There are 2 protein chains.
Amino acid sequence: MTPQRRAIVEYLEKARNHPTAEEIFSEVNRRFPMTSRATVYNTLKLLAGAELLHEIRKDDTVRYDPNLSPHHHFVCRRCGRIEDIGWELIPPLALGELPGRQLADSFEVTLFGLCLACRKRG
Amino acid sequence: MTPQRRAIVEYLEKARNHPTAEEIFSEVNRRFPMTSRATVYNTLKLLAGAELLHEIRKDDTVRYDPNLSPHHHFVCRRCGRIEDIGWELIPPLALGELPGRQLADSFEVTLFGLCLACRKRG
DNA sequence: TTGATTGCAAACGGTTTGCATGGGA
DNA sequence: TCCCATGCAAACCGTTTGCAATCAA
């Protein structure tokens, strides 16, 4: 556990909005100017590989989600913000064998619309 | 409507499996060796912009979905194949205002599991 | 001491763009 | 004629990797 890694983990603990790797890099680099992009990217990949973090991809860029409990996502059409939606808010879907004979074992819902801030902005 | 564009559209009409831009490029280029990558990419972007095609992103690469009717997706954990799931197979979710005060107007479900081919392969 | 972690810069893969050429209406 | 589509290559952006130096244990 090096200072760089600690800074990354601390940033992620506070980050409630699915930061991109680049956002994490610039914040960590601001606090620890010696930290390189490679270290941040590698650490993030390592954490994700260890299931301590989830990767979500939107528009070609990976975002990191420190929320490990199962949940769905809401994506704001206007500002692109991604917010978590509690798992219990979406009725569970029937899994198992589908009509196409695929065997489904999990699912994920993404809701689209306007976030609160963008609603206020009109 | 040039031969290149025709070839792209024809390929997409037959493609039932969400080809990547690169797959489209190599197939079109095989039939029309003069076709450049730029033309294919630009045409795809143009078609997607005109809502004649949907872009779906998986693992850093854009895939194109010629199925314009609303539907959900199934992603095979083993081979990565993406298949369409009929809209009517998923019970409609309640939209409108969410507890977090976001205003949801649409949703999308992704199911994960094993496709038929991978099930057979054991 | 010794293996893991770091910084740098260069490589990478998918995608986009600038620019000059060429064909279609 | 005039514009749009094309081909090529270079640029681009986010990400990954090779490598030598450095640090933690």
Side-chain angles (χ1 to χ4, degrees), chain A residues 1-13 15 17-66 73 75 79-82, chain B residues 1-13 15 17-66 73 75 79-82:
Chain A
M1 178 56 78
T2 61
Q4 292 91 333
R5 293 196 174 179
R6 192 180 309 281
I8 293 170
V9 170
E10 280 171 8
Y11 178 74
L12 285 166
E13 276 167 357
N17 277 111
H18 313 86
T20 65
E22 206 60 24
E23 282 163 5
I24 299 166
F25 164 67
S26 39
E27 176 60 16
V28 171
N29 186 268
R30 202 174 55 72
R31 291 182 50 204
F32 296 84
M34 290 264 125
T35 310
S36 76
R37 209 179 300 276
T39 298
V40 174
Y41 278 81
N42 289 340
T43 301
L44 290 171
K45 214 177 44 167
L46 189 140
L47 292 172
E51 292 285 315
L52 295 170
L53 216 52
H54 287 147
E55 292 188 336
I56 58 187
R57 290 166 196 267
K58 176 171 186 284
D59 296 338
D60 272 339
T61 55
V62 181
R63 288 163 181 274
Y64 288 91
D65 187 347
H73 286 123
V75 177
C79 68
R81 179 192 187 83
I82 301 177
Chain B
M1 178 56 78
T2 61
Q4 291 91 331
R5 294 196 172 180
R6 191 179 311 280
I8 292 169
V9 171
E10 281 172 7
Y11 178 74
L12 285 167
E13 276 166 356
N17 278 110
H18 313 86
T20 63
E22 206 61 24
E23 282 163 5
I24 299 167
F25 164 68
S26 40
E27 175 59 18
V28 170
N29 186 268
R30 203 174 55 71
R31 291 180 52 204
F32 295 85
M34 289 265 125
T35 311
S36 76
R37 202 174 249 93
T39 299
V40 174
Y41 278 80
N42 289 340
T43 302
L44 291 171
K45 215 178 42 169
L46 189 140
L47 292 172
E51 292 286 314
L52 294 170
L53 215 50
H54 287 147
E55 292 187 336
I56 57 187
R57 290 167 196 266
K58 177 171 186 287
D59 296 338
D60 273 338
T61 54
V62 181
R63 287 164 182 276
Y64 288 91
D65 187 347
H73 286 124
V75 176
C79 68
R81 179 191 188 85
I82 301 177

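Computed from a predicted model, the values in this text were never measured in an experiment. Atom set for the values below is all heavy atoms of this structure, side chains included, hydrogens, waters and symmetry mates excluded. In what follows, every chain begins at residue 1, and chains take the letters A, B, ... in the order their sequences are listed.
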task: Establish, with yes or no, whether the OP1 or OP2 oxygen of D:dG14 is under 4.0 angstrom from a side-chain nitrogen or oxygen of A:K45.
output: no
query: Of all the choices, C:dT15, D:dG7, D:dT15, which nucleotide is nearest to the side chain of B:V62 once you look at every atom?
result: C:dT15
Distance, rounded to the nearest Å, where B:F32 contributes CZ and D:dA5 contributes P: 17 Å
- prompt: Can you tell me how far CG of B:L52 sits from OH of B:Y64, rounded to the nearest 0.5 angstrom?
  reply: 12.5 Å
- request: Round to the nearest Å and state the distance from B:N42 atom CG to D:dC8 atom P.
  value: 14 Å
- prompt: B:I8 has an atom CD1; how far is it from atom P of D:dG7, in whole Å?
  reply: 9 Å
- prompt: Do the side-chain N or O atoms of B:T2 get closer than 4.0 angstrom to the phosphate oxygens (OP1, OP2) of C:dG23?
  reply: no
- request: Look at the side-chain N and O atoms of A:T61 and state whether any lies under 4.0 Å from the OP1 or OP2 oxygen of D:dG14.
  value: no
Interatomic distance, A:R6 CZ vs D:dA24 P [rounded to whole Å]: 11 Å
task: Using the closest heavy atom to pick a nucleotide of DNA chain D for each, name whichever of A:A38 or B:T43 lands nearer the 5' end.
output: B:T43
field: B:T43 side chain near B:Q4 side chain, heavy-atom distance below 4.5 Å
entry: no
field: A:R5 side-chain N/O to C:dT6 phosphate OP1/OP2 under 4.0 Å
entry: yes
field: Residue-phosphate contact under 4.0 Å: A:Q4 side-chain N/O, C:dG7 OP1/OP2
entry: yes
field: Any donor-acceptor N/O pair, B:N29 side chain to B:T35 backbone, under 3.5 Å
entry: yes
message: What is the distance, to the nearest angstrom, from the CZ atom on B:R37 to the C1' atom on D:dA5?
response: 18 Å
query: In whole angstrom, what separates B:D60's CG from D:dT15's C1'?
result: 8 Å
message: Taking only side-chain N and O atoms of A:Y41, does any of them lie within less than 4.0 angstrom of OP1 or OP2 on D:dT16?
response: no
query: When the distance from CG of A:D59 to C1' of C:dT16 is rounded to whole Å, what number comes out?
result: 15 Å
query: For D:dA5, does either OP1 or OP2 sit under 4.0 Å from a side-chain N or O belonging to B:T39?
result: no
- prompt: For A:F25 and C:dG7, what is the distance between atoms CZ and C1' respectively, to the nearest whole Å?
  reply: 10 Å
field: From B:D59 atom CG to B:T20 atom OG1, the distance as rounded to the nearest 0.5 Å
entry: 12.0 Å
message: Just to be sure I understand the rule, does A:T35 reach a base, reach only the sugar-phosphate, or reach nothing, if contact means heavy atoms closer than 4.0 Å?
response: sugar-phosphate
- prompt: Any idea which heavy atoms bring B:I82 and B:H18 closest together, and the distance?
  reply: O-ND1, 2.8 Å
